Number of protein chains: 4
Amino acid sequence: MPKRTFFRLDEDKKERIIRAAIDEFHKNGFENAKIGNIADEAQIAKGSIYQYFEDKKELFMYSINWSLDYFMKNIDYSSPVEEMDPFDYLLSDGHKKLELLKKEKVMVYFFKDIMTGKFGAMTKEINDYLWKIGDEHLLKLIDVGIKKGTIRSDVDKNLLLLFYKGVTMQMDEYVFLKAEEDVFDLSDEKFTQIENYIKNIVELMKHGMGC
Amino acid sequence: MPKRTFFRLDEDKKERIIRAAIDEFHKNGFENAKIGNIADEAQIAKGSIYQYFEDKKELFMYSINWSLDYFMKNIDYSSPVEEMDPFDYLLSDGHKKLELLKKEKVMVYFFKDIMTGKFGAMTKEINDYLWKIGDEHLLKLIDVGIKKGTIRSDVDKNLLLLFYKGVTMQMDEYVFLKAEEDVFDLSDEKFTQIENYIKNIVELMKHGMGC
Amino acid sequence: MPKRTFFRLDEDKKERIIRAAIDEFHKNGFENAKIGNIADEAQIAKGSIYQYFEDKKELFMYSINWSLDYFMKNIDYSSPVEEMDPFDYLLSDGHKKLELLKKEKVMVYFFKDIMTGKFGAMTKEINDYLWKIGDEHLLKLIDVGIKKGTIRSDVDKNLLLLFYKGVTMQMDEYVFLKAEEDVFDLSDEKFTQIENYIKNIVELMKHGMGC
Amino acid sequence: MPKRTFFRLDEDKKERIIRAAIDEFHKNGFENAKIGNIADEAQIAKGSIYQYFEDKKELFMYSINWSLDYFMKNIDYSSPVEEMDPFDYLLSDGHKKLELLKKEKVMVYFFKDIMTGKFGAMTKEINDYLWKIGDEHLLKLIDVGIKKGTIRSDVDKNLLLLFYKGVTMQMDEYVFLKAEEDVFDLSDEKFTQIENYIKNIVELMKHGMGC
DNA sequence: GATGAATGAGTATTCATTCAT
DNA sequence: TATGAATGAATACTCATTCAT
């Protein structure tokens, strides 16, 4: 948890610092991230970082939290969508992700780094926490699906979760790759191409790949 | 590529070195892995490492190659199985993995670290290479499935690959977690529990989670 | 010398600041003393310290002066006692010191730190000054003793001073140690024990340890 | 305790390192002593210091031990002298100290710093140890004196110790100051002046300053 | 070839001091 | 004047790599 001096900062500065941190952590990983770079990028003095955060680790942790919050707010990863069928959700969600990708590339990547476990040992603690949050969210979706009758009820929910998650992540991976191809802007063609892919994947999730 | 001095070493020493490296890299990640620890563990002088490898990175890369080879040889990840149906393959493969897990815990974990992208930037290069190999392998399996009529042929193969991979990885993840619970030895009960899970997952892959 | 802003402060605040400083300097030495701690302890803002003192060193120097003054006033280290025989003086002085120890532990210790030279190089300047003051005081005492016929007159006065000082300091050291044993309060028993010791020491000073 | 790599060094290098350390610690105290300075002065790489010592503190501690040993060996502070009368001992000891002062100024000062407690908190532990050694040594001397009949036996030995120590230290202080006056070499005149002082002090110790 | 000692570049963190409010 | 946030200089320590034996 940042020191209170951090919270007293004006929004712009706070955001500059965290975005600088996210950028650095994403580019170089935790170990190789230099506090100096972050300070420079955020246009503050190196020492100031320590006025706001206990140490590098705390800054890192908070960066994670911050990006988590960010996505919660912006992708509505949290609640209202909960009445949506998980398959529909995927479709809409995928769309939103594409828009985010265009706007918040770095942060999305950072978020992906986290979820992928790229920060490894460093995050064991927070990693578990993040997973739990994500899983809970997905389980709710699955529940809705079962209730609505779009998801089979003869299989253990955890198994469904695992299945859903696996396919979803793979799909995200694909979307990322595709989006990466256009460094600056996604063409409409690419856009529909991606949406098509997602539709197909969802179809596979529903009916399986077997005959 | 190691220097030729390395290849002149006797098998035992070579293996000791690589296994020590794998252990250290797995435990601490690339940045925090200490050459000194590896040398100690391998019972050779620190300086000797540099007689065999250009630098830390080369040792790391070779460790990856080595473990890749190891699995190729031991899990038959390469050829003969190719006539097998991908679903059957999963079942048998899963079984083999369990046996490997018991025998080569550290190396399996290291391998997982690699495939998961935990070494991040460090491996971008090799990562792509590994994925390509893996993907090729899986695509062959899928082809077999289509030919044998166990996999639907109305969907793009790359999509099937993506789907198959996603579910597979998630399944592996689960197996790892389960296996981890028994630090020293897997009980038979746990063993069948895991196999059951795999069966169910395969069933989901075949028929999907939709109604 | 503190800035004039300091002298404009009310007594209570001034004392709070100096006592906080003394406490910190005593506990951590000059180098490790933290201005922040002093400010916290004195319940003022860190920046205010610099409103009163040029820098850390000036605060330190003034703390020394302050404690010196304090003892001058409170132990009557200066004048009226001057008609007293140095041996009698020691006895009475010793008693007073015990009382002070109970009331002003920290400051006494700080004072001892100074006289002992614990602040080393930092005080070279002030140290000389302090010694001079102390020596002058003691020389007066010795003069009185010679005049009163309680001290031999066949020895160089500086030598007597040196002798007197050495034994005295050692005695103080002992008193401090004893006093330290009772963290909160000196028992009467300990009290008389200490006084006895002092008496014996004084006897040794008078007649020597030889046969 | 230094690492064994240190003990494998040739005598010259070892001595260069320790003397450089002693010099730096004496000049700047523990906190302000810079490892870099020590390394430079000893003509070795900064990192090498850490090949020999765990950290700054260990180097400091060993420097103390080393100078202690040095004086033990060179001033015969340990045993054979033990049959000597403490007063005679002081005389001879004083003489030796003068010679040492000329040869090993810095180290003598460092030693004095230690015994004076100038390193304060840092040494609480070792300080006690040093005092104990010193006290034991002195107590033996006093015992000899009592046995030989040159010291009165009607006084508590610890009191005698305290007395003896106080006067001795003060005397040393004086000698140091005198010696300091001649930066490069002690004139014979100064030499005899000092010896005279010592004789007088010893006389005072024997017969006291009272009438 | 093998060894392990020597090297020195590289960086998080602290804290006295300054400064804007 | 009081405040406390901002600043940045300063330094112990690590460890990959080199090198002398």
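Predicted model only: the values in this text are computed from it and were never measured. Here is the naming used below: chain letters follow the sequence lines, and residue numbers restart at 1 for every chain.
- Under the 30°/60° scheme for interplanar angles, the aromatic rings of D/Phe71 and D/Phe111 are found to be tilted.
- One finds a side-chain N or O of D/Tyr50 lying less than 4.0 angstrom from the OP1 or OP2 phosphate oxygen of F/dC13.
- Residue contacts for B/Lys56: at a heavy-atom cut-off of 4.0 Å it reaches the sugar-phosphate backbone alone, with no base atom in range.
- You'll find the ring centres of A/Tyr62 and A/Phe6 inside the 6.0 Å limit.
- Between D/Gly36 and A/Gln43, the residue anchored nearer the 5' end of DNA chain F, judged by the nucleotide with its closest heavy atom, is A/Gln43.
- Across every strand in view, E/dT11 sits in a pair with F/dA12 that passes the Watson-Crick or G-U test at under 3.5 angstrom.
- Counting any heavy atom pair closer than 4.0 Å across all strands shown, C/Ser48 reaches a base atom.
- No engagement by C/Lys3 is indicated, since no non-hydrogen atom pair under 4.0 Å with the nucleic acid exists.
- E/dT13 atom P lies 11 Å from atom CD1 of A/Ile38, rounded to whole Å.
- No hydrogens or angles were tested; on distance alone, nothing pairs the side chain of B/Lys34 with the base of F/dT14 as donor and acceptor under 3.5 Å.
- Nucleic acid contact class of A/Ala33 (heavy atoms, under 4.0 Å, all strands): sugar-phosphate only.
- For the pair D/Asn32 CG and F/dA9 C1', the interatomic distance rounds to 14 Å; values are reported in whole Å.
- Using a distance-only test at 3.5 Å, with no hydrogens or angles considered, a donor-acceptor pair links the side chain of C/Lys56 to the main chain of C/Phe30.
- For D/Arg8 and A/Gly47, each mapped to the nucleotide of DNA chain E holding its nearest heavy atom, the one lying further toward the 5' end belongs to D/Arg8.
- In this structure, A/Lys14 places its NZ atom 14 Å from P of F/dA5, rounding to the nearest Å.
- Distance from the side chain of D/Ile44 is smallest for E/dT7 among the nucleotides E/dT7, F/dT1, E/dA2.
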Checking B/Asn28 against B/Glu24 for the side chain to side chain donor-acceptor pair (under 3.5 Å) test, could you report, in this order, the C-alpha distance in whole Å, the side-chain angles of both residues, the deciding distance, and whether it holds? CA-CA 6 Å; B/Asn28 304 318; B/Glu24 180 74 5; 2.9 Å; yes
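- A/Asn37 has its CG atom 13 Å from the P atom of E/dG10, to the nearest Å.
- Pairing for F/dT21 is with E/dA2, a Watson-Crick or G-U wobble pair whose two hydrogen-bonding atom distances lie under 3.5 Å.
- Within 4.0 Å (heavy atoms only), D/Leu9 reaches sugar-phosphate atoms of the nucleic acid but no base atom.
- Of all heavy-atom pairs spanning B/His26 and B/Asp113, the tightest one is ND1-OD2, 2.6 Å.
- Candidate nucleotides F/dT3, F/dT17, F/dC13 were compared by shortest atom distance to the side chain of C/Ala45, and F/dT3 ranks first.
- Taken to the nearest 0.5 Å, the CE atom of A/Met107 stands 4.5 Å off from the CZ atom of A/Arg19.
- With F/dT7, E/dG10, E/dA6 as the choices, the nucleotide that has an atom nearest any side-chain atom of B/Lys46 turns out to be E/dA6.
- DNA chain E is contacted by both B/Gln51 and A/Glu54; B/Gln51 maps to the nucleotide lying nearer its 5′ end (nearest heavy atom per residue).
- Within the 4.0 Å cut-off from OP1 or OP2 of E/dA2, at least one side-chain nitrogen or oxygen of B/Lys13 is found.
- Distance CZ (A/Phe6) to C1' (F/dA6): 15 Å, rounded to an integer number of Å.
- Backbone-only engagement by C/Tyr52 is indicated by non-hydrogen atom pairs under 4.0 Å involving sugar-phosphate atoms exclusively.
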